[in-house]
Amino acid sequence: MSVDKVVRDIVRSEVERMIAPLAAAVENLQHQGTLAQKLTALLGASPKRGPGRKLSLKSMLGNKKRIRVEGATDRPCALIGCERDARSKGYCAAHYQKLRMLARTGRLPLGWSEYAPPHSVKDIVLPRGRAGAKALAAARKVKR
Ligand SMILES: [Zn+2]
């Protein structure tokens, strides 16, 4: 019984000796935390918004639409509902790439012609996933 108590005391003192620096560090951190809280309270600033927080580009620009893109013309994109300026063959960069992809895969709809008037072409939603792969394979089979 007494041997057990002696061993426990030894272990306890050893553990306390080992974690003493850690306890001091934690105490120091807590002190710094309260100091920071006091400072922010004195300055009247929100403690959540630190100096490391940056504003995003989007928030700085606000919700301004139509940022000018290099190579864009004054003419709007041929697609109905697209706010970007035309860049190639009457289409904006994104929709010109879609036009090229549709032409390459033999799936170009009737309205999608080059130099179509602005806001005259109806956008198409392509099937995704397994349905998309099926449609693409069918289009390729017809092409050959
Ligand atoms: Zn477009």
Side-chain angles (χ1 to χ4, degrees), residues 4-5 7-144:
D4 185 54
K5 194 183 178 300
V7 169
R8 272 191 201 172
D9 284 350
I10 290 168
V11 168
R12 182 179 293 136
S13 65
E14 191 67 16
V15 167
E16 278 174 359
R17 194 181 60 81
M18 280 164 70
I19 65 163
L22 188 69
V26 167
E27 199 175 312
N28 193 22
L29 274 174
Q30 279 173 344
H31 179 68
Q32 279 178 4
T34 52
L35 200 69
Q37 277 178 356
K38 278 177 190 166
L39 273 172
T40 49
L42 274 172
L43 294 168
S46 164
K48 276 184 183 171
R49 200 161 200 169
R53 186 167 169 154
K54 285 176 187 162
L55 289 168
S56 72
L57 188 66
K58 204 174 179 184
S59 71
M60 281 195 284
L61 289 170
N63 256 344
K64 272 183 203 163
K65 54 180 183 178
R66 286 185 76 162
I67 297 165
R68 277 222 54 98
V69 178
E70 201 171 329
T73 60
D74 285 331
R75 168 195 169 106
C77 177
L79 260 88
I80 297 163
C82 182
E83 291 297 310
R84 290 175 293 253
D85 285 333
R87 186 195 167 104
S88 306
K89 298 185 178 178
Y91 293 83
C92 72
H95 287 125
Y96 179 61
Q97 289 306 314
K98 191 169 182 177
L99 174 84
R100 287 186 61 190
M101 183 273 292
L102 288 169
R104 179 169 48 81
T105 54
R107 296 183 290 173
L108 202 62
L110 277 175
W112 286 64
S113 56
E114 290 178 2
Y115 303 104
H119 298 152
S120 68
V121 177
K122 198 171 177 289
D123 198 5
I124 60 157
V125 178
L126 293 165
R128 303 225 171 233
R130 190 185 291 221
K134 219 178 207 176
L136 193 60
R140 281 192 177 140
K141 217 171 258 178
V142 168
K143 206 178 160 189
R144 277 174 196 163

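Whatever order the structure lists ligands and atoms in, that order sets their numbers, starting from 1. Please read these numbers as outputs of a predicted model, since none were measured by experiment.
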I'd like a table of donor-acceptor pairs (distance under 3.5 Å, sequence neighbours excluded) in which one partner is a side-chain atom from residues 125-135, with atom names and distances.
none

Worksheet item: Do the ring planes of Trp112 and His95 sit parallel (below 30°), tilted (30 to 60°) or perpendicular (above 60°)?
Response: perpendicular
Worksheet entry | Protein N, O or S atoms lying under 2.8 Å from the Zn ion (ligand 1), listed by chain and number | Cys77 SG, Cys82 SG, Cys92 SG, His95 ND1
Practice prompt. Using a cut-off of 6.0 Å, state whether more than 12 heavy atoms not belonging to Leu29 lie near its atom CG.
Written response: yes
Side-chain atoms of residues 9-23: list all donor-acceptor pairs with protein atoms under 3.5 Å, sequence neighbours left out, distances to 0.1 Å.
residue, atom, partner, partner atom, Å
Asp9, OD2, Lys5, NZ, 3.4
Ser13, OG, Asp9, O, 3.3
Ser13, OG, Ile10, O, 2.9
Glu14, OE2, Arg17, NH2, 2.9

Item to complete: Say whether Arg107 and Thr105, considering side chains only, have a donor N or O and an acceptor N or O under 3.5 Å apart.
Response: yes
Worksheet item: Please, which pairs that meet salt bridge (Lys or Arg N to Asp or Glu O under 4.0 Å) have at least one residue in residues 21-37, sequence neighbours excluded?
Response: none
